[in-house]
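Structure first, commentary second.
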Amino acid sequence: MNSGRPLAMVTGASSGIGFELARQFAQKGFDIALSGSSEKIFEAAEKLRSDGTETFALRADAGTYEGVEAFWRFVMHLKRPVDACALNVGIAVGGAFAETALEDDLRVIAVNVTGTVHMAKHVVRHMVANGNGRILIVSSVSATSPTPFETTYGPSKAFGFSFAESLREELRGTGVTVTALLPGATNTEFHANAGMADTPIGKAMKNDRELVAKQGFDALMNDIDHVVGGDEATKQVVIENRKLTETVKAARHAAIARIGR
């Protein structure tokens with residue numbers, strides 16, 4: 001059923017920043033297509049329906065070719081143009097690279113890089129053909145620094161940031177805009193899921209996920225190229241990261257991310 005409202009699609013929307021981004025769209029008059037890797041995605045859809053929006057949920061794994069294709073087919077079966085898209089998938093694995101399992105590191109790349117590029121290819125072609133659309137790619141403050149002890153995460157998010165900025169320029173004049181959101185540490189299950197709950201960064205105070213999502217949504221709707229998600233201290237970290245050497249930043253991150261410290 002077409003309610004007459006614009007349609008947004010959000011990946012990684014079961015909880016955390018993804019769910020709050022979906023809520024932002026719902027509160028601003030969008031219907032939403034949601035994907036997540038667990039059954040929680042259906043609970044998320046029910047919660048959003050209580051906000052008065054029409055939601056369409058599919059459990060799909062963004063780290064697999066089949067999962068990305070399944071969600072895109074699901075969205076296309078709605079027979080509606082996608083007016084906005086938040087590509088929010090992101091995972092990490094904590095620990096020294098010499099000790100982490102190869103399959104875990106490759107999974108980070110599959111979700112954060114391959115899955116994002118795969119879905120973006122569908123979304124960009126769809127929106128360019130329609131001459132309209134807004135794309136939000138969720139990167140991370142970690143894109144601005146080396147990330148020892150979550151060694152594949154930072155590079156994967158640096159890819160996402162550069163990818164977003166590159167696409168933005170390519171799509172200039174097409175009616176399609178691209179915005180990158182760079183959240184700092186946020187009050188989600190991210191660090192616990194990465195096995196980093198007992199690290200200094202895992203135990204530290206976090207940014208509010210509702211605030212981060214609102215900052216990302218507002219930047220998307222106002223056609224801003226990128227925004228740092230979080231409080232003023234988080235924004236200051238990114239400013240400092242532009243000035244510090246890579247070795248200094250690497251040592252700083254190691255101090256807060258090393259498991260067992």
Side-chain angles (χ1 to χ4, degrees), residues 10-12 16-18 20-21 62-63 68 84-93 105 107-121 123-124 127 133-172 176-186 188 190-191 194 201 207 209 211-246 248-250 252-253 257:
V10 182
T11 62
I17 295 171
E20 296 302 336
L21 281 168
V68 174
C85 171
L87 299 177
N88 170 68
V89 292
I91 60 171
V93 56
D105 288 307
R107 171 75 176 164
V108 170
I109 295 166
V111 172
N112 298 6
V113 178
T114 308
T116 296
V117 171
H118 186 170
M119 185 59 78
K121 183 70 79 172
V123 172
V124 167
M127 289 182 172
R134 301 175 187 270
I135 301 170
L136 181 70
I137 295 177
V138 180
S139 175
S140 170
V141 165
S142 292
T144 65
S145 171
T147 56
F149 300 104
E150 45 182 337
T151 320
T152 50
Y153 176 70
S156 74
K157 287 300 180 177
F159 174 88
F161 185 22
S162 182
F163 180 60
E165 294 285 10
S166 301
L167 270 181
R168 178 180 174 85
E169 182 60 30
E170 276 190 30
L171 296 175
R172 191 178 301 279
V176 182
T177 66
V178 182
T179 297
L181 169 60
L182 280 64
T186 305
T188 69
F190 175 82
H191 288 101
I201 193 171
N207 286 295
R209 58 183 177 266
L211 170 65
V212 171
K214 186 177 188 307
Q215 291 168 328
F217 180 84
D218 289 346
L220 176 69
M221 301 309 289
N222 286 289
D223 190 16
I224 297 171
D225 73 303
H226 77 277
V227 62
V228 177
D231 59 14
E232 289 305 314
T234 303
K235 297 178 189 300
Q236 187 61 39
V237 167
V238 174
I239 292 171
E240 292 178 2
N241 281 350
R242 294 192 181 108
K243 303 174 183 178
L244 296 173
T245 65
E246 300 306 303
V248 168
K249 290 187 288 187
R252 285 189 175 187
H253 192 86

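Closest heavy-atom contact between Gly229 and Asn207: O-ND2, 4.1 Å. Among all heavy-atom pairs drawn from Gly63 and Ala110, the shortest one is O-CB, 3.5 Å. The shortest heavy-atom contact between Met119 and Val68 is CE-O, 3.5 Å. Nearest heavy-atom pair, His191 versus Ala185, reported as atom, atom and distance to 0.1 Å: CE1-CB, 4.1 Å. A pairwise comparison of heavy atoms in Arg168 and Thr179 identifies NH1-OG1, 4.4 Å as the closest pair. When all heavy atoms of Met127 and Gly133 are compared, the pair lying nearest together is SD-CA, 3.5 Å.
With contacts defined as side-chain heavy-atom distances shorter than 4.5 Å, the pair Leu182/Ser142 does not qualify. Counting heavy atoms from C-beta outward, Val212 and Glu20 have side chains that stay 4.5 Å or more apart. Side-chain contact check for Val117 versus Phe159: some heavy-atom pair is nearer than 4.5 Å.
In this structure, the side chain of Thr188 does not engage the main chain of Gly16 through any donor-acceptor pair within 3.5 Å. In terms of modelled atom types and a separation under 3.5 Å, the side chain of Thr116 and the main chain of Thr114 share no donor-acceptor contact.
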Please report the C-alpha distance between Val93 and Arg107 in whole Å, then the side-chain angles of each, then the deciding distance to 0.1 Å, and finally whether the side-chain contact (heavy atoms from CB on, under 4.5 Å) criterion is met.
CA-CA 9 Å; Val93 56; Arg107 171 75 176 164; over 6 Å; no

Exercise for review: Test Leu21 against Val138 for side-chain contact (heavy atoms from CB on, under 4.5 Å), laying out the working first.
Suggested key: CA-CA 10 Å; Leu21 281 168; Val138 180; 4.0 Å; yes

Output, in order, the C-alpha distance, side-chain angles, deciding distance and verdict of side-chain contact (heavy atoms from CB on, under 4.5 Å) for Val124 and Ile135.
CA-CA 8 Å; Val124 167; Ile135 301 170; 3.8 Å; yes

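Rounding to the nearest 0.5 Å places CD of Glu165 at 9.5 Å from OG of Ser139. Taken from CZ in Phe161 to CD1 in Ile137, the straight-line distance is 11.0 Å, to the nearest 0.5 Å. The structure places CG of Leu181 at 12.5 Å from CZ of Phe217, a figure rounded to the nearest 0.5 Å. To the nearest 0.5 Å, atoms OG1 (Thr245) and NZ (Lys243) are separated by 14.0 Å. Separating the CG atom in Asn241 from the NZ atom in Lys249 is a distance of 5.0 Å, to the nearest 0.5 Å. We find the CG-CG distance between Leu220 and Leu136 to be 5.5 Å, quoted to the nearest 0.5 Å.
By the side chain to side chain donor-acceptor pair (under 3.5 Å) test, Gln215 pairs with no residue at all, sequence neighbours left out. Not counting sequence neighbours, the partners of Asp231 by the side chain to side chain donor-acceptor pair (under 3.5 Å) test are Thr234. Remark: Glu240 engages Arg252 in a salt bridge (charged side-chain N to carboxylate O under 4.0 Å, His left out) (not counting sequence neighbours). Taking Ser156 as the reference, Asn112 meet the side chain to side chain donor-acceptor pair (under 3.5 Å) condition, with sequence neighbours excluded. For the salt bridge (charged side-chain N to carboxylate O under 4.0 Å, His left out) test, no residue two or more places apart in sequence or in another chain qualifies with Lys235. The side chain to side chain donor-acceptor pair (under 3.5 Å) search around Asn88 returns none, not counting sequence neighbours.
Remark: the Thr152 side chain and the Asp105 side chain contain an N/O donor-acceptor pair separated by less than 3.5 Å.
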